[in-house]
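Note that these values count all heavy atoms, side chains included, but never hydrogens, waters or copies made by symmetry.
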There are 2 protein chains.
Amino acid sequence: MDRQDRDGLPAYERIKAEIRTRIREGEWGPGDPIPGESELAASFGVSRLTAHRALRELAREGVIERRRRRGSRVAVRTGRDIVLEIPRIERLVAELGAVYELRLLARRTLVPPAEIRARLELAAGERALHLLLLHLADRRPFQLEDRWINLLAVPAAADADFTAIAPGSWLLEHVPWSEAEHVIAAENADPATAAALGIRPGEAVLVIERRTRNRNRVVTWARFRHPGASYRLATAFAPRS
Amino acid sequence: MDRQDRDGLPAYERIKAEIRTRIREGEWGPGDPIPGESELAASFGVSRLTAHRALRELAREGVIERRRRRGSRVAVRTGRDIVLEIPRIERLVAELGAVYELRLLARRTLVPPAEIRARLELAAGERALHLLLLHLADRRPFQLEDRWINLLAVPAAADADFTAIAPGSWLLEHVPWSEAEHVIAAENADPATAAALGIRPGEAVLVIERRTRNRNRVVTWARFRHPGASYRLATAFAPRS
DNA sequence: CCACGAGATTTGCATATACATATTCCGCTG
DNA sequence: CAGCGGAATATGTATATGCAAATCTCGTGG
């Protein structure tokens, strides 16, 4: 691009990498001040805007904190939350090296019971799509999915073929933007769940509930159950702001 | 700032908001092309660089996809993962409206058993700090924490007072940067765990394991156990790239 | 001695301009 | 008509410059 892109990296990326290295190596500890935009610009031989971009992006990534007049300093990460990524079910199974299968156990459009109606934030008497599915890994039960879909938010779901694609994947591809709330818990399998998952009643089951919103409407609510003994949800995270 | 910051927002933020709104309202669906930098610059009355910044940030946030010559389009979110935030234990308890307490059950520096040594990626014969803690919410057992800390990575941990601050929080404040892997599972409580958590043996327990790295070294490995019946880890997410 | 206001400093936003780079499109050639 | 090469186009990076906003410091007046 310009004089010195010896690493093939843009100048602002080289500055970011340099600062990150010094923080990682402990040269600059949490709370320590780091050079300002003008100083960095001079020492790297770039314009202030380029140094500004490097610092701005580091700030957005949560690596540093910036305030006018006060300058930039290494972020103190108190209160930082841990972030956990849950892959989609097909990928999860694929990463185990197992063959993924989907079985649609039930599909009905009906007026949901009061408890579900509240979770979907639906008007009284409004109908919703209810699905019961079993996800298999190498022909063994892997996840039992109990899902309700708000047809007012996603009318196209009424015509989707959920024997071919998991509702979670279908929704990800058809709903433009969303937020979700999660509940994670453990419970002892009741007889019905035990039968569906092929375990003994009372065995520990990992339960994940997810409610997804779009445009202030609840799109879907789902409860996933995994045999606790055989299943482990392993993920990686990077700390973020 | 300039001519028109009627919302108090910078120009690039107003452009981002406008684009996000059109996507959310469905005017532009997944995969649809959106106006280019020059076009946006003209229609908003800003320079191309300002429009560029708006689009660049939206791309980084995963809202749109950009390619040279091809232009920008609304992201198709297939393969997108779900992200889940786990708050720190103190905040988790505080959000339940309960009083948080910490009880240090055991603290020893010793050569870890082989299984733990492998998890910490420690050399043979190397010593590590082992902690056993009980976290209480309103005087009731909330979480049992079994933690090992690599003293080579965090020597200062040897002198920390873990009766006053939870190891997780202490580490967040003293280790400059880190990544982690998680395992989530459900299991039936063994007698020892049941006794510590005040539940009956066999009851479902939510298990979370976390291994944290820094500078390619394992900093700490911990296993958390929650009474499954009483505890629900509720979190929210926003989809990201 | 404290309060208040005037710099000084640092980050934040925006412009105009220039050139680099990736990729598509189109037309030329065989 | 297939394949190749160059033009066109949109994004990507960088410069120099100017002003805005936040906030710390210091000096002055009551």
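- Ion pair A/Glu18/A/Arg14 not flagged as a salt bridge, since none of the NZ, NE, NH1 or NH2 atoms sits closer than 4.0 Å to an Asp/Glu carboxylate oxygen.
- B/Ser72 has no side-chain polar atom (N or O) that falls below the 4.0 Å cut-off from OP1 or OP2 of D/dA10.
- The residue among B/Ile34 and A/Glu13 whose nearest nucleotide of DNA chain D lies closer to the 5′ end is B/Ile34.
- Going from atom CZ of B/Arg53 over to atom P of C/dA14 covers 7 Å, rounded to whole Å.
- Residue B/Thr50 places none of its side-chain N or O atoms closer than 4.0 Å to OP1 or OP2 of C/dC13.
- Taking atom CG of B/Leu40 as the reference point, atom C1' of C/dA14 lies 16 Å away to the nearest angstrom.
- Computed from coordinates, the A/His52 NE2 to D/dT17 P distance equals 18 Å when rounded to whole Å.
- Between A/Arg70 and the phosphate of C/dT11, there is no side-chain N or O to OP1/OP2 separation shorter than 4.0 Å.
- Counting all heavy atoms, side chain and backbone alike, A/Val74 lies closest to A/Gly29 at CB-O, 3.3 Å.
- Listed nucleotides: C/dA14, D/dG12, D/dA14. Nearest to the side chain of B/Pro10: C/dA14.
- Rounded to whole Å, atom P of D/dT11 lies 13 Å from atom CG of B/Leu58.
- Heavy atoms of B/Arg56 sit nowhere under 4.0 angstrom from any nucleic acid atom.
- Atom CZ in B/Arg48 sits roughly 13 Å away from atom P in C/dA18 (whole-Å rounding).
- Among the nucleotides D/dC24, D/dT13, D/dG12, the one closest to the side chain of A/Arg67 is D/dC24.
- The CG-C1' distance, from A/Leu49 to D/dT13, rounds to 10 Å in whole Å.
- Side-chain N/O atoms of B/Ser169 and B/Glu90 include a donor and acceptor closer than 3.5 Å.
- OP1 or OP2 of D/dT11 has at least one side-chain nitrogen or oxygen of B/Arg66 nearer than 4.0 Å.
- The only member of A/Arg56, A/Arg66, A/Arg53 that meets side-chain hydrogen bond (donor to acceptor under 3.5 Å, both in side chains) when paired with A/Glu37 is A/Arg66.
- For the pair A/Glu65 CD and C/dT10 P, the computed distance is 18 Å after rounding to whole Å.
- Side chain to side chain, B/Arg211 and B/Thr220 fail the donor-acceptor criterion of an N or O pair below 3.5 Å.
- Spacing between atom CD of A/Glu37 and atom C1' of D/dT17 amounts to 15 Å, rounded to whole angstrom units.
- Two residues, A/Gly36 and B/Tyr12, neighbour DNA chain C, and the one matched to the more 5' nucleotide by heavy-atom proximity is A/Gly36.
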Polar pairs (N or O, both sides) under 3.5 Å between protein and nucleotides 5-9 of chain C?
| from | atom 1 | to | atom 2 | distance (Å) |
| --- | --- | --- | --- | --- |
| C/dA8 | N3 | A/Arg69 | NH1 | 3.1 |
| C/dT9 | O4' | A/Arg69 | NH1 | 3.2 |

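- The aromatic rings of A/His226 and A/Phe142 stand perpendicular to each other, their planes meeting at an angle above 60°, with 30° marking the opposite boundary.
- An OP1 or OP2 oxygen of C/dT10 is reached within less than 4.0 angstrom by no side-chain nitrogen or oxygen of A/Ser38.
- A donor-acceptor pair shorter than 3.5 Å cannot be found between the side chains of B/His135 and B/Glu101.
- Between B/Glu25 and B/Arg20 no salt bridge is recorded (no basic side-chain N to carboxylate O distance below 4.0 Å).
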